[in-house]
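Please read the structure below before turning to the comments.
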Amino acid sequence: MARPRTPRPPPPVLLLLLLPPLPLLPGAGDPLPTEGRLMNNCIQARKKCQADPTCDATYHHLKSCTSSISTPSPAEESSVSEDCLEVAQRLRNSSLRSCTCQRRMKNQTACLDIYWTVHPARSLGDYELDVSPYEDTVTRKPWKMNPNKLKKLKPDWDLCLKFAMLCTLNGKCGRLRKAYGEACSGPRCQRHTCQRQLRTFFEKASEPHAQSLLLCPCAPADLGCGQRRRNTIAPSCALPAGTPNCLELRRRCLSDVLCRSRLADFQTHCHPMDGRETCATDKSRCLLAYTGLIGTAMTPNFVSNVNASVALSCTCRGSGNLQEECERLEASFSHNRCLTEAIAAKMRLHSQLFSQASPVMEHQKNSAALRPQPWVPSLFSFTLALILLPSFW
């Protein structure tokens with residue numbers, strides 16, 4: 001009589017597959033949300049609306065409302081006709097009313113256009129501080145220090161120069177940075193082209209690379225480092241000629257669907273809570289909203305080479321009876337506690353990254369001293385490239 005066969009245990013690979021997934025550590029690199037993963041993006045919501053004749057007719061009515069509205073001057077009141085507001089209420093149970101967009105999605109402008117069509121009251125800047133058109137997501141990808149790239153950095157370089165070199169050594173970051181560098185340099189730069197390339201950089205470059213290039217820490221006495229940081233966005237080309245009134249700058253912004261969306265996002269996520277020592281959302285969301293404004297009419301920048309204070313490139317002189325409103329707008333950047341703390345925290349993190357990486361670099365230096373090193377042409381090329389870079393690097 002044959003003995004019953006003892007079942008074999010599953011192979012180790014199968015056991016690994018059967019184990020429950022390990023939880024991700026905080027900040028361990030959440031995947032980028034794609035257009036298909038959005039909870040309810042406006043393009044998908046519009047397609048659903050098109051299948052319903054009543055919803056589609058209501059949307060076209062709203063489209064005619066928003067197309068007939070002109071952005072008011074600072075001295076005029078923002079208003080929307082009662083008819084348009086009533087039509088907008090018909091969509092209160094539609095997915096269009098709660099749809100959002102994503103910063104890196106395809107057809108972002110078309111998505112935002114749908115959002116502002118179904119929110120006509122907000123089309124004129126009548127923002128509520130809890131209604132950004134963007135999905136409330138933050139990607140947390142840790143900075144990965146590549147030892148092979150770290151050893152190309154000279155110890156006496158300031159941190160802004162080191163982060164700039166790390167961007168150059170990264171294929172995608174280097175290409176995007178070169179593109180906006182070429183668009184924003186030269187005596188006859190095209191401002192719109194420069195701003196478009198800047199937006200492309202901060203949207204498509206990885207968040208760690210983009211933010212480290214802009215938010216690199218400098219010693220107070222290191223004016224060269226401070227100048228490099230302030231010139232990251234090429235202010236002579238990216239910022240408006242002269243010094244416009246801040247309310248005029250906002251009017252220009254509200255007339256553009258992308259800038260309007262980025263401003264609403266900034267107001268949502270960098271808003272200090274009244275009477276409390278807290279902010280509306282966390283620091284990562286505030287920084288993402290802040291960098292989203294770069295390359296728009298409301299582009300902020302560092303005001304000097306000696307500190308990390310930021311401001312809009314505008315003035316409140318000549319604001320007349322709207323002086324207080326103008327000063328509130330200007331102060332939402334220059335005296336924004338949430339933004340200041342978010343920038344300071346990110347700069348501390350960037351400083352710690354290199355202090356943690358220094359033992360690795362020291363070990364490599366000591367190991368290299370034990371054996372003869374051949375001359376490496378690539379290191380010379382990198383150094384020469386830095387010397388030949390345009391002045392705003």
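Note that the structure is predicted; figures quoted are calculated from it, not measured.
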May I ask you to decide if Leu339's main-chain N or O and Asn336's side chain share a donor-acceptor pair within less than 3.5 Å?
-> yes
So do Asp56 and His60 actually touch side chain to side chain, heavy atoms under 4.5 Å?
-> yes
Is the closest side-chain heavy-atom distance between Cys173 and Phe201 below 4.5 Å?
-> yes
Could you verify whether a donor N or O on one side chain and an acceptor N or O on the other, from Asn245 and Ser319, lie under 3.5 Å apart?
-> yes
Can you find a heavy atom in the side chain of Tyr290 that is under 4.5 Å from one in the side chain of Pro300?
-> yes
Taking it one step at a time, do Thr109 and Val257 satisfy side chain to side chain contact (heavy atoms under 4.5 Å, CB included)?
-> CA-CA 7 Å; Thr109 302; Val257 65; 3.8 Å; yes
Val131-Leu112 co-clustered via ILVMFWY side chain contacts under 4.5 Å | yes
Go through the side-chain N and O atoms of Thr281 and His269 and say whether any donor and acceptor fall under 3.5 Å apart.
-> yes
Thinking salt bridges, do Arg251 and Glu248 make one under a 4.0 Å N-O criterion?
-> yes
Over all atoms of both residues, closest heavy-atom pair of Val303 and Val310 = CG1-C, 4.0 Å
Quick one: pull up CD1 in Ile43 and CD in Gln108 and give me the separation to the nearest 0.5 Å.
-> 9.5 Å
Tyr134 and Arg262: side chain donor to acceptor below 3.5 Å | yes
Any donor-acceptor N/O pair, Thr168 side chain to Ala164 backbone, under 3.5 Å = yes
So which heavy atom on Phe266 is nearest to which on Ala289, and how close?
-> CA-CB, 3.7 Å
Backbone of Gln102 reached by a side-chain donor or acceptor of Glu135 within 3.5 Å = no
Show your reasoning for whether side chain to side chain contact (heavy atoms under 4.5 Å, CB included) applies to Ser94 and Tyr59.
-> CA-CA 11 Å; Ser94 167; Tyr59 179 83; over 6 Å; no
Hey, quick one: are Phe354 and Leu169 part of the same hydrophobic cluster, counting side-chain heavy atoms closer than 4.5 Å, chains of contacts allowed?
-> yes
Under-4.0 Å salt bridge between Glu325 and Arg250 | yes
Just how far is it from atom OG of Ser132 to atom NE2 of His271, taken to the nearest 0.5 Å?
-> 14.0 Å
Minimum heavy-atom distance between Leu161 and Asp158, given as atom pair plus value = N-OD1, 2.8 Å
Determine yes or no for a side-chain-to-main-chain donor-acceptor pair under 3.5 angstrom, with Thr58 supplying the side chain and Thr54 the backbone.
-> yes
Taking the six-membered ring of Phe302, is NZ or CZ of Arg230 closer than 6.0 Å to its centre and within 45° of its axis?
-> no
Going from OH on Tyr180 to OG1 on Thr200, what distance comes out if it is rounded to the nearest 0.5 angstrom?
-> 12.0 Å
Hey, is the main chain of Cys225 close enough, under 3.5 Å, to the side chain of Asp222 for a donor-acceptor pair?
-> yes
Looking only at the SG atoms, are Cys160 and Cys218 under 2.5 Å from each other?
-> no
SG on Cys259 to CG on Leu249, rounded to 0.5 Å | 7.5 Å
Please state whether the sulfur gamma atoms of Cys286 and Cys270 sit closer than 2.5 Å to each other.
-> yes
Are Thr291 and Leu214 close enough that some pair of their side-chain heavy atoms sits under 4.5 Å apart?
-> yes
Heavy-atom nearest pair, Met298 first then Phe333, reads CE-CE1, 4.3 Å
Applying side chain to side chain contact (heavy atoms under 4.5 Å, CB included), run through Asp113 and Lys63 and close with a yes or a no.
-> CA-CA 10 Å; Asp113 185 63; Lys63 191 70 175 174; 2.4 Å; yes
Ignoring hydrogens and geometry, is there a side-chain-to-backbone donor-acceptor pair from Lys172 to Lys204 under 3.5 Å?
-> yes
Output for pair (Arg229 CZ, Phe163 CZ), nearest 0.5 Å, gives 12.0 Å
Evaluate the pair Cys316, Cys246 and indicate whether the two SG atoms are within a distance below 2.5 Å.
-> no
Would you tell me whether Cys194 and Cys184 have their SG atoms within less than 2.5 Å of each other?
-> yes
When you measure from the side chain of His209 to the backbone N and O of Asn170, does any donor-acceptor pair fall under 3.5 Å?
-> no
Measure the shortest side-chain to side-chain distance between Gln211 and Lys346 over non-hydrogen atoms and say whether it is less than 4.5 angstrom.
-> yes
Derivation of the side chain to side chain contact (heavy atoms under 4.5 Å, CB included) call for Leu159 and Leu353 | CA-CA 10 Å; Leu159 291 185; Leu353 286 173; over 6 Å; no
Which heavy atom of Arg97 sits nearest a heavy atom of His119, and at what distance?
-> O-NE2, 3.3 Å
Just by distance, do the side chain of Asp265 and the backbone of Gly292 share a donor-acceptor pair under 3.5 Å?
-> no
If you measure from the Lys or Arg side-chain nitrogens to the Asp or Glu carboxylate oxygens, is any gap between Arg285 and Asp282 under 4.0 Å?
-> yes
Give the cluster check for Met347 versus Val306: same hydrophobic cluster or not, with ILVMFWY residues linked at side-chain heavy-atom distances below 4.5 Å.
-> no
Looking only at heavy atoms, what is the nearest atom pair of Pro240 and Arg252, with distance?
-> CB-NH1, 4.2 Å
Point-to-point distance, once rounded to the nearest 0.5 Å, from CG of Asn231 to CG of Asn301 = 8.0 Å
Could you tell me whether the side chain of Thr299 and the main chain of Ile294 form a donor-acceptor pair under 3.5 Å?
-> no
Does the side chain of Arg228 come within less than 4.5 Å of Asn305's, by heavy atoms?
-> no
Heavy atoms of other groups near Gln323 CD, more than 12 under 6.0 Å = yes
Could you state whether Leu166 and Leu349 fall into the same hydrophobic cluster, counting links through intermediate Ile, Leu, Val, Met, Phe, Trp or Tyr residues with side-chain heavy atoms under 4.5 angstrom apart?
-> no
Can you tell me if the gamma sulfurs of Cys42 and Cys101 fall under 2.5 Å?
-> no
For the residue pair Thr296 and Leu198, establish whether any side-chain heavy-atom pair is separated by less than 4.5 Å.
-> no
